[in-house]
Structures are given as structure tokens and as C-alpha cells.
Amino acid sequence: EDLESYRHFPANGLIVIENNNAIIVDTPWNDNEARDLLNWLTKTMKLDVRALIVTHWHQDCMGGLRAFQEYGIPSYSLDLTRQIAEEKNLPLTEITFSDSIKLYLEQIEVVCIYPGAGHTVDNIIIWLPAYKTLFGGCLIKSVRSKNLGFSGDADLIAWPSTLEKVLNEYPQCEVVIPGHRSPGGVDLIQHTISLLNSNR
């Protein structure tokens, strides 16, 4: 699962829709793919995309940020994500937060939380209480994952305790979406902790 060996490695994003409005979590890998997605959402699906949330600074989360900015869509990230992007001369999100922030899509609550370092020092998770769904992004591995994949920017010491914190905070969680491959339940969090423990 080393991303360097995959030309087109699939990555998960999330589209939260309520009536004709949408919030998107993470962009496709590049601006062209992001434009294709936005064209489909706005022209075919007739949705008003109200916001983009970026879960960390890697390309599979914000590689298409410029395209969202072309569409005038406000972008949100952890302040640390913006700081890292600035250091690396990447496009910058417009709105930042330091711990957590709640966005609302009509009556749907979309909660962005920084649980601690893991896959990267800036990875956040998205909690949708109405759906008991957690978008864990690359902080969480799929059940098919046999290793941690790319961990060159990871905090391997903090990662297990960050996941334990997530487990304790969201016992009511029913659906967990990892950064890559298929969703599952809280077993994905346990599986990731096991992978980290076997990596020591």
C-alpha cells in the first residue's frame, strides 16, 4: 500500500447532501479531477456546494484545492494544515481552526475535530452525529490494509493514543470511513491500532 507504487491509488472523500446543498470533505488528487467532480455536482446534480473541508495536507486531500477556489467555494482546515501548506508552497485554505469547528448544512451538523497526531501531525476527523458516521481519513486504515502504507509524515508514537481517544469519544459510531478502500465499523479503528502495535 505504498502510494508511490500506484499510479491511480483510490482515495475516499465524502459528500454530505441536504436538499440541494452539499459540503465536501477532501478533494480529488488534482485540479482537473476536482473540476470534473464540481461540474457533475453543480451542473448534473444541481447542488450548491457550500464548503470544502480538508482533512490533512497530503495530495489525496487537497490536491484539487485550486479548482474549488475557482468555483468560489470556502475551504476549511486545521490551522496547522494551512501552516504546513504555506511552508511547502501549496494552495492555502481560507478558514482555519485550532481544535474543532461545527459547520451546518441546514439541520445537519458536520463536526471537524483534531484528535491528535497520527498519519500526519495535522490529520482531522469528521463526525456526522445524525448518521453516526465518522470520516477518519488516513488516520484510519481499511480492514484490507496489511500495513500502515505511507508513513513518512506520521507520528508513530502519538498515533495509537490518538486512535484510543477517538474510540473513547465516539462509542455510538456505526460507520467509519478510512482514507482508502472500504468503510466499516469501529473495528477499523481497532485494526489500525493493531497495525501500529505490530509495527513497533
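What you see below is based on every heavy atom in this structure, not just the backbone, and it leaves out hydrogens, waters and symmetry mates. Model, not experiment: these values are computed from the prediction.
The closest side-chain heavy-atom distance from Ile189 to Tyr170 is not below 4.5 Å. In this structure the side chain of Arg35 reaches within 4.5 angstrom of the side chain of Asn32, judged on heavy atoms. Side-chain contact between Arg144 and Ser182: absent, with no pair of heavy atoms (C-beta onward) separated by less than 4.5 Å.
Residue Trp40 holds its CH2 atom at 14.5 Å from NZ of Lys43, rounded to the nearest 0.5 Å. Atom CD1 of residue Ile95 and atom CG of residue Leu52 lie 10.0 Å apart, to the nearest 0.5 angstrom. Rounded to the nearest 0.5 Å, atoms CD1 (Ile101) and CD1 (Ile113) are 11.5 Å apart. Separation of atoms CD (Gln190) and CG (Asp187) is listed at 8.0 Å; rounding is to 0.5 Å. Taking NZ of Lys146 as the start and NZ of Lys141 as the end, the distance is 12.5 Å to the nearest 0.5 Å. With rounding to the nearest 0.5 angstrom, the CG atom of Leu139 is 4.5 Å from the CG atom of Leu163.
In the hydrophobic clustering of this structure, Ile15 does not group with Leu134; members are Ile, Leu, Val, Met, Phe, Trp, Tyr whose side-chain heavy atoms approach within less than 4.5 Å, directly or through other members. Hydrophobic clustering, with ILVMFWY side chains joined whenever heavy atoms are under 4.5 angstrom apart, groups Leu196 together with Leu188. Clustering ILVMFWY residues whenever any of their side-chain heavy atoms sit less than 4.5 angstrom apart, transitively, puts Ile177 in a cluster other than the one holding Leu167. Residues Val111 and Leu128 are members of separate hydrophobic clusters, defined by side-chain heavy-atom contacts under 4.5 angstrom among Ile, Leu, Val, Met, Phe, Trp and Tyr. Criterion: ILVMFWY side-chain heavy atoms under 4.5 Å apart, direct or through other members. Under it, Val186 and Val175 are not part of a common hydrophobic cluster.
For the pair Ser142 and Pro178, the tightest heavy-atom approach, listed with the atom from each and the gap, is N-CB, 3.9 Å. What you find for Cys138 and Trp159 is that their closest heavy atoms are O-CZ2, 3.7 Å. Taking every heavy atom of both residues into account, Cys112 and Ile126 meet most closely at SG-CD1, 3.8 Å. Taking every heavy atom of both residues into account, Ala158 and Ser161 meet most closely at O-OG, 2.8 Å. Annotation for Pro91 and Met62: closest pair O-CE, 3.1 Å, computed over non-hydrogen atoms. Residues Leu65 and Asp31 approach most closely at N-OD1, 3.8 Å, considering heavy atoms.
Of the options Ile17, Leu38, Ile73, Val16, a side chain to side chain contact (heavy atoms under 4.5 Å, CB included) to Ile24 is made by Leu38 and by none of the others. Test Ile53, Val25, Ile23 against Leu14 for side chain to side chain contact (heavy atoms under 4.5 Å, CB included) and you get one pass: Val25.
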Listed pairs under 3.5 Å, donor-acceptor, residues 76-85 side chains, sequence neighbours left out:
{"unit_1": "Ser77", "atom_1": "OG", "unit_2": "Thr93", "atom_2": "OG1", "d": "2.7"}
{"unit_1": "Thr81", "atom_1": "OG1", "unit_2": "Asp122", "atom_2": "OD2", "d": "2.7"}
{"unit_1": "Arg82", "atom_1": "NH1", "unit_2": "Thr93", "atom_2": "O", "d": "2.3"}

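Glu164 pairs by the salt bridge (charged side-chain N to carboxylate O under 4.0 Å, His left out) definition with nothing, not counting sequence neighbours. With sequence neighbours excluded, no residue satisfies side-chain contact (heavy atoms from CB on, under 4.5 Å) with Lys46. With sequence neighbours excluded, no residue satisfies salt bridge (charged side-chain N to carboxylate O under 4.0 Å, His left out) with Glu169.
Annotation for Gln172: atom CD counts as buried by contact number, over 12 foreign heavy atoms lying within 6.0 Å.
Using bins of under 30°, 30° to 60° and over 60° for the plane-to-plane angle, the ring pair Phe150/His119 lands in the perpendicular bin.
Sorted by first and then second residue, the side-chain hydrogen bond (donor to acceptor under 3.5 Å, both in side chains) pairs with a member in residues 13-28 read Asn19-Glu106, Asn21-Arg50, Asn21-Glu106, Asp26-Thr55; sequence neighbours excluded. Pairs engaging residues 124-139 under the side-chain hydrogen bond (donor to acceptor under 3.5 Å, both in side chains) rule: none recorded [sequence neighbours left out].
Between the side chain of Ser198 and the backbone N or O of Leu195, at least one donor-acceptor pair lies under 3.5 Å.
Between the side chains of His56 and Asp153, no donor N or O sits under 3.5 Å from an acceptor N or O.
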